[in-house]
Every structure is written in structure tokens, then in C-alpha cells.
*Asks:* 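Let me begin by handing over the structure; questions about it come next.
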Amino acid sequence: MEPAHRPRHGAPEPYDPYDGAGGWQPDPAESAYGPARTGFGDGRVPAYGEVIPQRPQDAYPAAPYPVDAYPSGSYSAGVAQPTGSAYREAHYRDGSYRDGPSGRDAYGGGRPGRNRTRALDRSKWHWLLFVPVVVALFPPLFNRIEPTLMGLPFYYWGQLAFALFTCVTIAFVHVATKPRRDG
Amino acid sequence: MGDLLGNLDGHEVQLAIFGFCFLLVTVMGFAAGRWRPTQDVHTLEEWGLGGRAFGNWATFFLLSGDVYTAYTFVAVPTLVYGVGAAGFFPVSFLVIVYPIVFVVLSRFWSVSHVHGFVTPAEFVRARFGSRALALAVAITGILATMPYIALQLVGLEAVFKVLGLPPGWPLTIAFVVLALYTFNSGLRAPALISIVKDTLVLWTVLAILLVVFTRDGGWASVIKTAGARFAETPSQSDGLLLPGSGQLNYVTLALGSALALFLYPHTMTAALAARNRSTLRRNLAVMPLYTLTLGVVMLAGFAALLDGVTPIGGDRNTVVPLWFDKAFPDWAAGLAFAAIGVGAMVPAAIMSIAAANLFTRDIYKEYIRPDATPRQETQVSKFASLTVKFGAVLVILVLDTQFAIDLQLIGGVFVMQTLPAVALGLYTNWFHRWALIGGWILGLLTGLVMLYQVPQIGGADGRTVLREHFGGSAWPLSHLGFDTTATIYVGVVALAANILVAAVLTPVLRGLGVPDGVDRTDPRDYVADEGDARVKRMTEILDGTPPQAAEYVPLPGTEPTGSRPTLGQRWPTTSARRQR
């Protein structure tokens, strides 16, 4: 098929893990993650093909985009493209930019240090995971003999009980943060 | 013949059972190559990641085989035997590691599946646009993994000592066979034989519990004897509870070990082989339960104290196998030995594959032959895994066991220094690539210098300095001028220095106008899951059945027009078409 955004003739095909599907469509009915979790940019969900510039320096021109205008990577450019592993080769070596105007720039990828985004999989439930970590790293809580269980000091059976507690906590967080699938 | 066999001394039954399990595992290891075969086995993702298609059970066995190694089962109860409470830290770190990796590794899984990464170094290269940083991560990973493989041999060697086999050929045969079926079957071999390992471990744990419970007094008398023994010794660092000065070291050691564990390349390899995000997360939620088995084996260290086990030739790693031999019936001891033996093979296989993948993807393909085909990649990786294993055997046989232990100690501290690039990199690309390299160098140097300063203290009175340098990872705070006997884990300090330098250098380098690398990942990559258009559909290639996941509907005007979908592109399913 024809990729949605083909670079100018002669330019190597851009690495595109979305495989020409034209980018991600943030439709709540179809996306496993939904717009509520997209909390980056200014909170607005971009329409397909739309660019939401975050800062002036990130506002690249819209399609058809000139590949050469994009900063090239630090990977050695111009290495011959071998057959058979073009998928990854394009990614590592051609130095071309990877996604179309609907892609990275609107989301803050591309240039380290220039823009940071919040993780798409962030969830308040993840804070719960700190509980078993802190408990297990606080010896005054468990550094005692009493109460014993079947002759074992609390220090030993208590720490084994933390393992069970951790298991339950992670399982709970897993269920609570599982993306809901529609359909 | 007598010399060759050593002095079995009534261990025939144990040896027979051990040999049977070894044969079973060998057959399974070679047969694993035919387990869910695929049309094209000659790709690195097939050989080195099992096609990225392991389901719940296979992932469980792979992860458990990876984390709970023979060395853990042999060396850790010895710590409890030696110092009591302070030796119990592995239970702590094997609990806290899972909440951490539950969040972090799932992001790593997603980004690796979108981009086809096999190693953490490839991720770093794409994230920070730095080949130098990727090389640093790859070399650190390989250096840290190799002594860890050698340590698995130490576990195996302890069992052979108890069986009365001579050093040398049994160990070599075991590893040659292991190397051959890993060469043949790739990551599928350890995943399959780990089923045997986990069964044997579960049996051993049950046997320990049965033996102790059916005794007079049960655990109470075991603990009482141990308490009395620790009270006798002049050393202040042992006891049934943590001494006040040992708490800082306990906490930092647990935290540091947890961080190091998931940065080891072999943990990442096992995680990447899961077929989807949920499989990985589900397994990480269940894994703390496996720590219970380790806890029980560690308590066997106390039981060995009660039974007055004295290590063979001063090799403390033989304490637990010796206790099995003494307290269990012959056949049960044979099964327990087999558990340790198979428990050495599984992680050794995974580690050698992980190290081989690092070499192939990040050194061979980056610097030696950039145009290598997938078939060449796989060949190189297979031979690299052979090399790594034979290197480990040589280190143990020619050099010294202690040398391997020292190297592993250093390796653990070293691998932690990749945390800012790999783990923090999964969350932010704020760090400058050269700042990360600067932090990495400083972290390595700090770690090395501090480890050099740690003496090994022991002897009859517990105060004699046995070795001047590299005596452990507990750095005395008195070096800083504090009047205390407290110690701190070296790795945590080195990591703090590393992060500090990276954080300070980043704004400085930006201010100087040193260019950043280009980040080739996208925030969406970190949450991708099986069934998303952008994740390669390995399961489908393998099984011929589409994975059960959200239906992907192409956007208007982009429906595939060819005869078949391109890689990663999904046909709209009938139900999805109907909805539109």
C-alpha cells in the first residue's frame, strides 16, 4: 500500500512502526487507552493529521513535509540499505525522520530535553505500589522476635508475609489499571 | 575408573536420580527447538526471544528460572547459616523488585515490541540517539552477565562436591550439553526445562518443611539452636535480628540488588519474550509468591546449624546440599540435588543468550557488519552464546571460584550504572546523552574504588582482616569520618553519584550548545500492546492464529489495497467493518 506520507523521491523511506496506517487515531471508541489517558500537550486530542505545536521551535511545517528540513539523527547516514532487514535498518541508519505531520512533534518526542510529556500509562493506582516497597525497606517494622509463628520469629515469617501482601497489591493494581477493551 | 568417578561413598542413589533428571532435561532441551516451530527460525527474535510469543505459563517458568538461580539457592542459605538475619535480605529484594518492574518493564516491553529491540542497549540508542551510550550499556551488560554465568557453575560444583564427584569433567560435560541445546533451541530450551526445575524446587521446599515439622520441637528448636550459636560468636554482625548498625546496609543492599536485578540483560530478555503486556504484568504480580520458596530454603540454613553441618573443605556453598544429604532420604536428596543442578542450567542458558544478543545487536551489527542479515545475526548470536559459556567454565576450572565471586560483586555494581539511561530513559529523555555517559563513567569509577576499599573481616574472633580488598559490598561509613560501624551498599552510592553527575552535566552541556541526539521513540510506543497496529504480530506468524486483542480499523483512505497486509498492518475484521 501507499504510505500516507511518502517522502520526496530519492529519500529513503522513513522508519514507521505504524506501518503507514496513518498514525494513531485517538477515537475513544477504538483506542484501548482513550483520550482520558493521553494527558500530554495541552490536553486537547489532536485530530488525524493535525499538529498541535507545543513550543515555537517544535512547530514543523505540515504535510507534505520536507524530509530534509528535519534534524537528522546521529546514526551514520548514507549506509547502503541491505535487503532482508530493511525494517530496522531504516530505523537506525537512514537518518530520516520517522513519522508524518500527525506524529511525534505534536506529542513532544524527537528532541530530548526540549519537551517532556507525562507518561501515557500513568495512573494514580501506581502509587499503591510504593506501599510494599517502603514497608519492606523499613526494618523497625519487622526487626523483632515476637509474635512468633510456629516457632519462627516475626522477622522471618513477617517478611515472607510481605511477599504475599506484595503479590495481592500488584494484582490489584494490575486489575485496576488494565486498559478496557471495547467490543 | 575409581579416580574418574571420585569417591561416591554411598551416594549412588543420589547420583542415579541426578543423572536421570539431567538426561530428561537434555532431551527436553533439544526437543524445545521443535516446540511451536515457525517457518523461519533464522532470526534473532526467534532464537533469542522465543519468537516473542510466550504465554502465561512459559513466561512464568522463564522468569522464575531466570531470577531464582542455583547460586541463589546455594549461596543465600549459606548467608543465613553464617550471619542470620542480615543474610535474609534476598527475600526483601525479591519482594520489592516486583512492584518496581511491574511499572517499568511493561513500558520496556511495549517500546521494544514496537521497534523490534532485543536488548536494552538498542533502546538506549534509539532513545538518546547515541551510539556511544548504547555501546556503554551493552559492554556493561556483557561484563556483568559473564561472571553471573560462572556463579551458576559454583552452585553446580557444590552439588558435585557433596556427591563426591571430582572437579573438572562432570562440570564440563554438564555445560557442554547445556551449550549445545541452547545453541540448537535458543530461548525455548530454558523455558521448557524450567518446568522441570520448578517442579523439583517445589518438591524440595515441601521436603524441607516436612523434615523440619516432623522433628521434635519443629522450627522452635531450630531457631533456638541458631540463636544460641549466634550469641556465642564474638562477631557483632550476626544474630536472629538485625543489629542496629547493620540496618542501613540491609536496606541499601536490598534496594540496590532489586535495581540491579532488573537491569541485568537476562531479566529483560525473559520479559521481552512475553507475548503481550498483560502476560508480563500478570506474571510479575505472581512472582513474589516464588520468593516464598526461596525463604523456606533459606531457613534450611538454620536447620543446617542445628544438625551441625560443617562445610566440605571450608567451601560454605556446600552447606545446604550437605544438609539435604544428611536430613533427607537418599532419593529425596537426589531430587534436591537435581533441583540445584537444573536450577543452574536454566539461568545460565538465558544469561548466555542475553549476553550473546547484546554482542550481536550492539557490537557486531553496529561496528563490525552493519549489513548483517537476520540469518547472520542469529549465527553470530549462537556462537557468542557458546563462547560465553565456555569462558565461564574456564574461569571456574582454571582460575578461581573466588575470582568469579569477586567479578560478580563488581558486575552487580556496574550494571546498576545503566539505570539512568535504561530505566529513567523509559520515562524521560531529558538527560543529555553525553551527561549520561559522564555519569556512567563516574559511577563505574566510584563503585570500583569503594569496592577496593572494602576489607573482608572474619576469622575466629570476627575481627581479623582476611583480605584487604574486594572483601564484599558493604562499605564502612567510617571512611567518611563517622564514628560508626555502620556500612552501606556500594552500588547505591555509586548510582547516586552517577545520577547527580548526569543531572548536573545535562543543563551545562545544553548551555554549551552540545547537540542532543534524536529520540526515535514516541510516547505512544511505551504503552503499545499486542494487537495494536504498530506491534509486530509475532504470535500470528508463529501460531497462524490472530491474537485476541482490540480490533484495529484502518483510517479512511488507508485501507490496504494489496493482496495481503503489510508487516504490522491488520486487516479490518468483519465485525469492525460492520460497525463503521
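Letters go in sequence order (proteins before strands), and every chain restarts at 1.
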*Asks:* Does a side chain donor of either B:D519 or B:N429 reach within less than 3.5 Å of an acceptor in the other side chain?
*Replies:*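 Yes, because at least one side-chain N or O of B:D519 sits under 3.5 Å from a partner of the opposite role on B:N429.
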*Asks:* Looking at chain A, which one of B:L240, B:V296, B:V286, B:L284 has the largest number of heavy-atom pairs inside 4.5 Å, strictly under?
*Replies:*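 Most heavy-atom pairs within the cutoff with chain A belong to B:L240.
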*Asks:* Which answer fits B:Y290, side chain, backbone, both or neither, if we ask what part of it has an atom under 4.5 Å from a heavy atom of chain A?
*Replies:*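 For B:Y290, no heavy atom lies under 4.5 Å from chain A.
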*Asks:* Among B:P507, B:G295, B:S92, single out the residue with the greatest number of heavy-atom pairs under 4.5 Å to chain A.
*Replies:* B:S92
*Asks:* Would you please say whether a donor-acceptor pair under 3.5 Å links the side chains of B:Y98 and A:T166?
*Replies:* no
*Asks:* First locate atom SG of A:C167, then atom CZ of A:F172, and finally report the distance between them rounded to the nearest 0.5 Å.
*Replies:* 14.0 Å
*Asks:* Keeping B:H432 on the side-chain end and B:W434 on the backbone end, is there a donor-acceptor pair under 3.5 Å?
*Replies:*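 Yes, because the side chain of B:H432 sits within donor-acceptor range (under 3.5 Å) of the backbone of B:W434.
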*Asks:* Counting only non-hydrogen atoms closer than 4.5 Å, does A:L149 touch chain B with its backbone (N, CA, C, O), its side chain (CB onward), both, or neither?
*Replies:*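 For A:L149, neither part sits under 4.5 Å from chain B.
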*Asks:* Do the ring centers of A:Y156 and B:F302 come within less than 6.0 Å of each other?
*Replies:* yes
*Asks:* Any salt bridge linking B:R361 with B:E366? Criterion: basic side-chain nitrogen under 4.0 Å from a carboxylate oxygen.
*Replies:*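 Salt bridge flag = no for B:E366 with B:R361.
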*Asks:* So which of B:S106, B:S278, B:P515, B:G227 has the biggest tally of heavy-atom pairs under 4.5 Å with chain A?
*Replies:*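 The answer is B:S278.
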*Asks:* Does the ring of B:F102 carry B:R281 above it, NZ/CZ under 6.0 angstrom from centre and within 45° of its axis?
*Replies:*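 Satisfied, under 6.0 Å and within 45°.
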*Asks:* Which residue out of B:V251, B:I96, B:I223, B:L241 racks up the most heavy-atom pairs below 4.5 Å with chain A?
*Replies:*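 Most heavy-atom pairs within the cutoff with chain A belong to B:L241.
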*Asks:* Identify which part of B:F89 has an atom lying under 4.5 Å from any heavy atom of chain A, answering side chain, backbone, both or neither.
*Replies:*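 Neither part; nothing is under 4.5 Å.
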*Asks:* Of the listed residues (B:L294, B:T291, B:L242, B:V95), which shares the most heavy-atom pairs with chain A below a 4.5 Å separation?
*Replies:* B:L242
*Asks:* Is A:H126 close to chain B through its backbone or its side chain, or both, or neither, when contacts mean heavy atoms under 4.5 Å?
*Replies:* side chain
